There are 2 protein chains.
Amino acid sequence: MNLKTLAQKLGLSPTTVSRALNGYPEVSETTRARVSAAAKAANYHPNTQAKRLATGRAMAIGHIIPISDRHEIVNPVFADFIAGAGEVYARKGYDMVLTIVPDDEEARAYGELRSKGNVDGVLIHAPRVNDHRVTMLQSLGLPYVLHGRISGIETSYSWVDVNNVRAFERATNFLLDLGHQRIALINGISDMDFARRRRRGYERALESRDIPIDAQLITEGEMTEAQGHDHARAMLALPNPPTAFLTASLLSAMGTRRAVEEAGLVMGRDVSIVTHDDELGYLKNGTAQEPIFTATRSSVREAGRRCATMLIAQIDSGNRQPISELMETVLVLGQSTGPAPSR
Amino acid sequence: MNLKTLAQKLGLSPTTVSRALNGYPEVSETTRARVSAAAKAANYHPNTQAKRLATGRAMAIGHIIPISDRHEIVNPVFADFIAGAGEVYARKGYDMVLTIVPDDEEARAYGELRSKGNVDGVLIHAPRVNDHRVTMLQSLGLPYVLHGRISGIETSYSWVDVNNVRAFERATNFLLDLGHQRIALINGISDMDFARRRRRGYERALESRDIPIDAQLITEGEMTEAQGHDHARAMLALPNPPTAFLTASLLSAMGTRRAVEEAGLVMGRDVSIVTHDDELGYLKNGTAQEPIFTATRSSVREAGRRCATMLIAQIDSGNRQPISELMETVLVLGQSTGPAPSR
DNA sequence: CCATTGGACCAAAGCGCTTTGGACCTTCAA
DNA sequence: TTGAAGGTCCAAAGCGCTTTGGTCCAATGG
C-alpha cells in the first residue's frame, strides 16, 4: 500500500492525501477525516525512505559506539542512557541508529554518517579530556549534544551533564563531617572527563579542610566489581588504611564492600562507603526507601531523555546556538556510612 | 556532493559512475579507477535515503526493545548482545535501528517498522514461553532471527540459542558429583524461555539420580545482585539449607555470595556456587585464567554476532528457510565450588 | 566484406514521497 | 454585476539514487 494507490482508492490526488495526513491546512476537515480513516483501515504508513528523500530529513539520531580491546564503552550506563534517549526518539518519531565501530575508525564513521545523510544529528557519549570529537563535528556541521563535558577545550558546544564536582565535593564533605580523615577515591578512568571532575570535587573538599591529598588513596580504572575489590583491598592493606571510600559506580562499591568484608571489617561501622549511583534499571542500590550504599544519585536514563530532547529541539528549530543543562545529584543516605571509628 | 555533480566533474553519466562504484562489470577498469579516485577525493558517499528508495532495501536491521515498569530488558546482557550484532552490521554495511517502545505497543511497532519499510529484518530478544512475536512476524513477512527459542510453539523459525538444558544439567551433575544433595536454583524470570530450559536441565539431573525436587530450593526473578542475595539468604535460613547454589547470572551469583558470607559461611568450602556467565565486557568472572565462580560460560556477544550474521545471510539470499544454531557452553572451574561439607 | 558480437557508455524511467505553482469554484464586498 | 479573496483540490517537478533498454563503435568470424 502506497500513497498513490491509497489516493486512487479515495478518488483523490496524492497531493491531497499527503497533505491531509501531514496536517496541512489546505484540505477540508471532512476529506481529512475520510483520508485518515482510510489510511488507518489500510494500515498505511508512508515509506520512510521516500519521505526522507523528499524532505531531506533522516528523522534519525546517530549514536556511535567505539569498541576497542582496552576499553569498554558498551557498559551498563550506556544501556540505560540509550533507553532514556530512545523513549524520547520514539515519542518524537525519530529512529535511533547505533553504529558500532573500531575506535580508530570513529572519526571516519562520523564523516560517513554525515555525508551519507542517514542521521540528522548525533549524541556523543563518554567524552574524554581534550576530546577531539566536538571540533570534528563542528567542522562537519552535524548537530550534536554531548552527554558530559570536555575539560580543556575552548569551543562551546551543547551538553547535558551531572554536576560531578559538586556531587563528589559534597560526598567528601559528608565523610569529613563524620570524622573521616583518610578517605580513598576509587575513580573511573582518569582520561574520562567525568572522572576528572569527580576527582576535582574530592580534592577541593579535602583542601578546604587542609587535609593533604594522599596519592596512595586515589586510584582509577574501569568501574567494575573486580576493580573496586582489588583497589580497596590494596588500600586496606596500607599501614595507614583509609576509613572511608568514595567510589564511582555501584559495581565498584560492591567490590569495595567485598574487600572490606574480606578484611574482617564491617561496612558502615569500620569502613564507610559512598558511591555514585546512576540509578540503572537492573542494578539498584537497594530500594528507593532503603538504599544500601550512601550515594550521590542521578538518573542516567533521565540524562538520556534530556540529551535526546535537547538534540531534537536543536534539529527541529535549526538553532545552532549551544545550550546546556547541568543536573544536580541528590545525596541519599544508606547503611554504608557511619562516624569514623575512633582509634 | 552528489552523484550527478560527481559525474559531471568526471565527464561521465551518472549511470556509469553509479556502476563503477557498485562494481558492475560493464565499465572499463580504467574509468572505474578514475571514478573511485574522484569519489574518494571528493569524499563522496551515496545518499543513503536515495539508495534505499531506489533499491527498495533499507540496509538496516531493527531491534525492538519493549520497556515496562515491571520488567527490564535494558539489561547488561542486552548491551553486550547489541555490541556483537553491531560489529557484524558495521562490517556488512547495515545500520542498526533501535526502537524503544512501551511493551503494550510492541506489536504495533513491528507492524510499523514493516510498513514504513525502514528495516530489512529484525532481531528478537528475550523470547518468552508461548511468545506471540514469531507468528506475528511470520504474517508480516518480515525476516527475523530469534536470540533464544520458544517452548510451546509449533511453527518453525530461525534462532540462535545456547544449550541451556545441557548447560544446567551438566552444572547440576557437577555439583552432584561433588556430593551435594541440596542444590538450590536461583533462576531468571520463569516466563523467560531460557529460564524454563535451565530449570529443565537442573531437574533432569536431579531426577536421573533420584533426588527429589524441592520447590523451596527453586526461585525465580529478575537477575540482579539483590535478587541473588535475598533469595539465597532466605534459603540459607531454611531448616535444611542448600549446600550449593545454581544461579542464572553473575550478578545473582555475586548476591548469593554476599548472602553466604553474611551467614558466616565460606564460599567454596561450606557452600558452592555455580553460575551462568554471559562473558559480559564489563562484568567479568575474575580473569580468564582464574575465574571466581565455577560457571557455564557462553559469550552473549558472540551470540549477537551469530544472530546478525544469520539474519543478514537470510536477507541477502532471500532464503526464508528457517535455520538455527545451538551454542554449547563450557564449564569453567572457579573457586566457588568444592566438595559438599560432611555433616 | 558484411553481419555479429561484445565492450563501454548513456538517456530516461522509476522508487514513493513532498511541495511548488497553479486551477477551479464559491463567497463576498464594492 | 464583477473582481477579489479564500477554500479545496490537483498536475507535475523534484529528492538522489539504481536500472532498464538502449546506442555507438571496434573487433571478430565466416
Side-chain angles (χ1 to χ4, degrees), chain A residues 1-36 38-39 42-60 93-95 112-120 316, chain B residues 1-36 38-39 42-60 93-95 112-120 316:
Chain A
M1 172 60 61
N2 58 15
L3 186 66
K4 205 161 103 185
T5 64
L6 181 65
Q8 279 171 350
K9 200 181 286 190
L10 282 161
L12 288 169
S13 75
T15 310
T16 304
V17 175
S18 168
R19 287 190 156 143
L21 293 174
N22 289 313
Y24 282 79
E26 51 272 79
V27 54
S28 76
E29 282 311 315
T30 52
T31 46
R32 190 194 302 284
R34 246 183 83 219
V35 169
S36 27
N43 191 30
Y44 168 76
H45 294 276
N47 179 287
T48 308
Q49 327 303 348
K51 194 164 188 162
R52 286 171 170 169
L53 182 57
T55 58
R57 308 230 356 219
M59 292 305 286
Y94 278 77
D95 275 351
E112 255 189 58
L113 224 48
R114 166 66 175 169
S115 65
K116 298 204 299 185
N118 33 8
V119 300
D120 296 320
D316 285 353
Chain B
M1 172 59 63
N2 58 13
L3 187 66
K4 204 161 106 185
T5 64
L6 182 64
Q8 280 172 350
K9 201 182 284 189
L10 283 160
L12 289 168
S13 75
T15 308
T16 305
V17 175
S18 168
R19 288 193 154 142
L21 293 175
N22 289 314
Y24 282 77
E26 51 271 80
V27 52
S28 75
E29 281 311 315
T30 52
T31 45
R32 190 195 301 283
R34 247 183 82 221
V35 169
S36 30
N43 191 31
Y44 168 75
H45 294 275
N47 179 286
T48 308
Q49 327 304 345
K51 193 163 188 162
R52 288 171 168 168
L53 182 56
T55 58
R57 310 231 352 221
M59 292 304 288
Y94 278 76
D95 275 352
E112 255 190 58
L113 223 49
R114 167 65 175 169
S115 64
K116 299 204 297 186
N118 32 10
V119 301
D120 296 319
D316 285 352

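By convention in this document, chain letters (A, B, ...) are assigned in the order of the sequence lines, proteins followed by strands, and residues within each chain are numbered from 1. Predicted model only: the values in this text are computed from it and were never measured.
Counting heavy atoms from C-beta on, the side chains of A:Tyr94 and A:Arg57 come closer than 4.5 Å.
One can place CD of A:Glu26 at 19 Å from P of C:dC24, the figure rounded to the nearest angstrom. When rounded to the nearest whole Å, the span between NZ of B:Lys116 and C1' of C:dC15 equals 18 Å. When the P atom of C:dG16 is taken as reference, atom CD of A:Gln8 falls 13 Å away, rounded to whole Å. The separation between B:Arg57 atom CZ and C:dG16 atom P is 16 Å, rounded to whole Å. The nearest whole Å value for the distance from the CG atom in A:Leu10 to the P atom in D:dC10 is 10 Å. What separates CG of A:Asp120 from P of D:dC15 is a distance of 18 Å, to the nearest Å. Counting to the nearest Å, the P atom of C:dA8 and the CZ atom of B:Arg34 are 14 Å from each other.
Salt bridge A:Asp120/A:Arg52: absent, no basic N to carboxylate O contact under 4.0 Å.
A:Pro14 approaches A:Ala7 most closely through the heavy-atom pair N-CB, 3.7 Å. Across every non-hydrogen atom of A:Arg19 and A:Arg32, the tightest pair is O-NH1, 3.7 Å. Of all the heavy atoms in A:Val27 and A:Ala20, the pair that sits closest is CG1-CA, 3.9 Å.
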_Using the rule given for side-chain contact (heavy atoms from CB on, under 4.5 Å), can you reason through B:Val17 versus B:Leu3, listing the C-alpha separation, both sets of side-chain angles and the distance that settles it, and then say yes or no?_
CA-CA 7 Å; B:Val17 175; B:Leu3 187 66; 3.5 Å; yes
*Can you check side-chain contact (heavy atoms from CB on, under 4.5 Å) on A:Leu10 and A:Val35, steps first, answer last?*
CA-CA 7 Å; A:Leu10 282 161; A:Val35 169; 3.9 Å; yes
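Mapping A:Leu53 and B:Thr30 onto DNA chain C by nearest heavy atom places B:Thr30 at the nucleotide closer to the 5' end.
End-to-end axis angle of the helix from C:dC1-D:dG30 to C:dA30-D:dT1, from C1' rotation axes over five pairs per end: 50° (rounded to 10 degrees).
Between the CG atom of A:Asp95 and the OG1 atom of A:Thr48 there is a distance of 7.0 Å, given to the nearest 0.5 Å.
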Show each protein N/O and nucleotides 17-19 of chain D N/O combination with a separation under 3.5 Å, one pair to a line.
from	atom 1	to	atom 2	distance (Å)
D:dC17	OP1	B:Tyr44	OH	2.8
D:dC17	OP1	B:Asn47	N	3.1
D:dC17	OP2	B:Leu3	N	2.3
D:dT18	OP1	B:Asn22	ND2	3.0
D:dT18	OP2	B:Ser18	OG	2.5
D:dT19	OP2	B:Tyr24	OH	2.7
D:dT19	O4	B:Thr15	OG1	3.1

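Among A:Gln49, A:Lys51, A:Met59, the single residue meeting the side-chain contact (heavy atoms from CB on, under 4.5 Å) criterion with B:Asn118 is A:Gln49.
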